[in-house]
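So the structure is just underneath, and the comments pick up after that.
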Amino acid sequence: MQANLLEGKNAVVTGGAAGIGRAIAQAFAAEGAGVAICDLDYDGAKKAAEEIRSDGAIAKAYETDVSDWESVMQVAEKALEDFGVIDILVNNAGITRDNLIIRMSDEEWNDVLDVNLKGVFNFTKAFVPGMLRRRSGKIISIASVVGIMGNAGQANYAASKAGIIGFTKSLARELAPRRINVNAIAPGFIKTGMTEVLGEEQKSALSERIPLSRLGEPEDVARSALFLASELSDYITGQVLVVDGGMVM
Ligand code: NAP
């Protein structure tokens with residue numbers, strides 16, 4: 001086994017400017033990977049890449065809207081030019097637009113499905129040809145426990161995350177003959193900008209529902225992504241790794 005888990009590998013992380021994506025990019029870089037950080041928030045992506053470079057690793061920022069195929073194709077071209085080969089794809093970018101179904105607008109439905117699910121399709125389509133040619137690769141998509149158990153007020157988000165799980169299993173079967181592993185991670189409640197809106201009372205009520213009695217840190221998810229990106233998980237495909245302190249079991 002290599003001293004560093006991802007030595008010589010290159011990874012693309014969508015939504016890598018903040019939260020879970022940023023922690024994944026940092027964890028991968030710390031294990032020797034070159035990292036392409038793709039985000040709508042270009043300033044945030046540049047900052048994240050600079051931070052990684054200041055630790056002596058390789059990182060580059062790209063402005064991307066994962067829901068826009070043209071934008072994805074342009075970034076894929078640039079990233080492949082810069083890095084040569086992309087071995088690992090982490091589909092992490094995601095948004096919420098919560099509402100009860102009777103109030104949910106077409107826009108709220110479409111925005112969430114476009115970013116969370118079509119974004120996964122777009123990035124996978126852009127990077128899978130190189131993986132197919134090399135007969136190796138790791139694709140990891142960030143779903144959610146909400147895609148498994150549902151959540152009132154999040155029908156759009158839950159549908160997008162359940163969609164990611166179906167996409168992952170289908171693609172795992174399709175790409176297994178070319179030795180490309182396709183897995184998903186289903187985080188529970190993780191402390192990021194996405195969950196910042198929750199009040200302290202809501203957070204402590206949530207913690208009571210979590211067997212490990214705490215909300216997760218972005219690094220908790222990043223370590224699982226590292227495992228799924230490395231050769232430690234070579235015999236694992238089509239799985240959903242739940243990282244939620246034991247909430248769903
Ligand atoms: P976050 O802190 O909000 O970070 C998400 C990043 O994605 C932001 O930098 C955001 O940029 C970017 N992004 C949003 N829309 C994009 C687009 N169209 N194209 C490219 N980048 C885009 O979220 P997070 O909590 O780290 O979530 C990361 C992933 O984990 C998401 O898929 C989320 O659904 C999933 N997840 C999170 C939790 C949780 O508790 N936090 C639980 C389960 C699953 P802007 O800031 O410009 O929007």
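All values below were derived from every heavy atom in this structure, side-chain atoms included, with hydrogens, water molecules and symmetry-related copies excluded. When a ligand or atom number is given, it counts from 1 through the structure's own listing order.
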Nearest-contact summary for atom 34 (O) of ligand 1 - protein heavy atom, Å: Tyr157 OH, 2.5 Å
Protein residue, atom and distance nearest to atom 45 (P) of ligand 1, heavy-atom basis: Asp41 CB, 4.2 Å
Under 4.0 Å, counting heavy atoms only: does [X] come that close to any atom of ligand 1?
{"X": "Lys161", "result": "yes"}
{"X": "Ala143", "result": "yes"}
{"X": "Thr14", "result": "no"}

Side chain, backbone, both or neither: which part of [X] has a heavy atom under 4.0 Å from ligand 1?
{"X": "Thr64", "answer": "backbone"}
{"X": "Asn92", "answer": "both"}
{"X": "Thr195", "answer": "side chain"}

Answer yes if a protein heavy atom lies under 4.0 Å from atom 48 (O) of ligand 1, otherwise answer no. no
Give the numbers and elements of all ligand 1 atoms closer than 4.0 Å to a heavy atom of Gly193. 2 (O)
Identify, by atom number and element, the atoms of ligand 1 in contact range of Asp65, meaning under 4.0 Å from any of its heavy atoms. 17 (C), 18 (N), 19 (N)
Shortest heavy-atom approach to atom 38 (C) of ligand 1 - which of Gly188, Ser144, Ala45: Gly188
Decide, yes or no, whether a salt bridge links Arg214 with Asp220 under the criterion of side-chain N to carboxylate O below 4.0 Å. yes
Do Asp39 and Lys46 sit within salt-bridge range, that is, some charged N less than 4.0 Å from a carboxylate O? no
Do Thr237 side-chain atoms and Val182 backbone N/O form a donor-acceptor pair below 3.5 Å? yes
